[in-house]
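The first residue in the sequence is number 1, and the count goes up from there. As the structure is a prediction and not an experimental result, all values here were calculated from the model. Worth knowing before you read on, the calculation uses all heavy atoms, side chains too, and leaves out hydrogens, waters and symmetry mates.
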Amino acid sequence: MTASRVLVLNSGSSSVKYQLLDMADRSRLAVGLVERIGEETSRLVHEPLAGPAAACGKREQAGPIADHEAALKAVAAELAADGTGLDSPELAAVGHRVVHGGTRFTLPTVIDDEVLTEIRNLIPLAPLHNPANVTGIEVARSLRADIPQIAVFDTAFHSTMPEYAARYAIDAATADTYSVRRYGFHGTSHAYVSRATAGLLGRPVEDVNVIVLHLGNGASASAVRGGVCVETSMGMTPLEGLVMGTRSGDLDPAVVFHLARVGGLSVDEIDSLLNKKSGLLGMCGDNDMREVLRRAGEGDESARLAFDAYVHRLKKYIGAYAAVLGRVDAVAFTAGVGENAHQVREAALDGLAELGLALDLEANAARSPQPRLISADYARVAVAVVPTDEELEIATQAYALVTQ
């Protein structure tokens with residue numbers, strides 16, 4: 001029997017999301033979530049999607065889960081109950097989402113002690129994410145030390161940016177000393193969607209230039225030339241770029257100095273303001289685009305302003321990336337807002353006919369879980385909606401590595 005299953009783990013500070021996939025046919029065997037780890041109100045939701053267990057649907061358990069080790073042991077028990085446990089000989093690898101790979105990790109990587117140490121050393125670049133990623137890796141290694149544990153990095157897809165796009169125009173020695181440069185994030189999503197868009201067009205990925213717009217609570221854009229990222233909107237951290245649910249996106253750096261000097265805010269207070277209390281939330285009090293649209297439709301001026309600012313920034317990036325690429329074959333929308341908010345897609349592309357962009361308004365308004373084209377027949381540039389699949393991308397990269 002050839003081992004073809006990959007367990008994908010996305011370990012957050014107080015949660016673990018997971019999926020078990022069979023790469024023989026790229027099918028999902030189970031999905032689940034453990035949330036509120038370390039609290040009395042911890043919850044595990046597990047859904048088998050194949051085999052006899054699937055007929056019973058979701059299973060849920062509530063009660064305290066002390067830490068990530070307890071969480072992953074609970075996940076292992078749920079999978080074992082389905083007959084797909086971690087001790088299965090069909091399990092080929094565990095694929096871990098790791099947010100920051102710095103400049104060293106530009107490909108999926110087999111995790112050994114040295115690699116784990118390097119991921120720990122990158123914590124200052126991703127203090128909210130890498131510590132939890134490390135914890136998930138440590139626990140998974142303790143549970144199945146005999147199979148490959150693979151790190152797939154959010155930053156890796158963007159490592160192909162040319163130096164002039166990755167560098168900030170600050171003193172070079174200071175930048176090098178403190179690893180200050182643009183890394184980009186959401187890389188697994190941008191990689192998956194750019195390839196899927198080429199497939200939707202029926203063309204080799206090497207022949208397609210695409211602008212990918214990953215619009216969720218966090219949002220980022222990328223310019224992908226022939227399958228290779230040449231520019232992206234997030235920078236050293238996920239704060240740069242588009243207006244997001246709670247993040248400001250692009251900001252004059254002097255705003256930070258002004259808030260410190262005049263407002264008396266501490267560094268931590270400014271960090272919290274820009275990351276957790278800005279974006280749509282800061283402008284109108286809601287970070288859910290559905291609520292922003294509802295309120296704007298009812299005449300709420302602050303919601304309308306927030307929506308307009310969101311779309312304006314998005315439109316600026318589309319135009320800028322069209323200039324970077326020179327030739328654009330497609331613009332692809334993905335993630336929660338990109339896949340579901342037709343009003344955002346319509347507003348973002350309104351007035352861009354000179355760039356070859358035009359929507360089929362009926363196709364744009366129609367909801368579907370499938371990848372699809374929504375551009376007008378006469379449009380020079382295709383517009384696509386492509387549901388992202390970061391877990392499948394992580395599993396694909398991990399499985400390719402262990403089967404080489």
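With 3.5 Å as the limit, one finds no donor-acceptor pair spanning the side chains of Asp22 and Ser27. Under the 3.5 Å distance criterion, with hydrogens and angles disregarded, a donor-acceptor pair is assigned to the side chains of Glu339 and Thr334. Using modelled atom types and a 3.5 Å distance limit, the side chains of Ser266 and Asp268 yield no donor-acceptor pair.
His100 and Phe185 have perpendicular rings, their planes meeting at more than 60° on a 0 to 90° scale where under 30° would count as parallel.
Of the possible polar contacts, none joining the Arg104 side chain to the Glu118 backbone as a donor-acceptor pair under 3.5 Å is found. Counting only distance, with no hydrogens or angles, the side chain of Tyr321 and the backbone of Thr232 share a donor-acceptor pair below 3.5 Å.
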If you look only at distance, which donor and acceptor atoms sit under 3.5 Å apart when one is on a side chain in residues 376-386 and the other is two or more places apart or in another chain?
{"unit_1": "Arg380", "atom_1": "NH2", "unit_2": "Leu355", "atom_2": "O", "d": "3.3"}

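Salt bridge annotation for Lys73-Asp67: absent, with no cationic side-chain nitrogen under 4.0 angstrom from a carboxylate oxygen.
The CG atom of Asn10 lies 10.0 Å from the CD atom of Gln19; values are rounded to the nearest 0.5 Å.
Residue-environment remark: NZ (Lys315) exceeds the threshold of 12 foreign heavy atoms within 6.0 Å.
Listed by chain and residue number, nothing satisfies the ring-ring contact (aromatic ring centres under 6.0 Å, His included) test with Phe157 (two or more places apart in sequence, or in another chain). Residues meeting the side-chain hydrogen bond (donor to acceptor under 3.5 Å, both in side chains) test with Asp154, sequence neighbours left out: Arg97.
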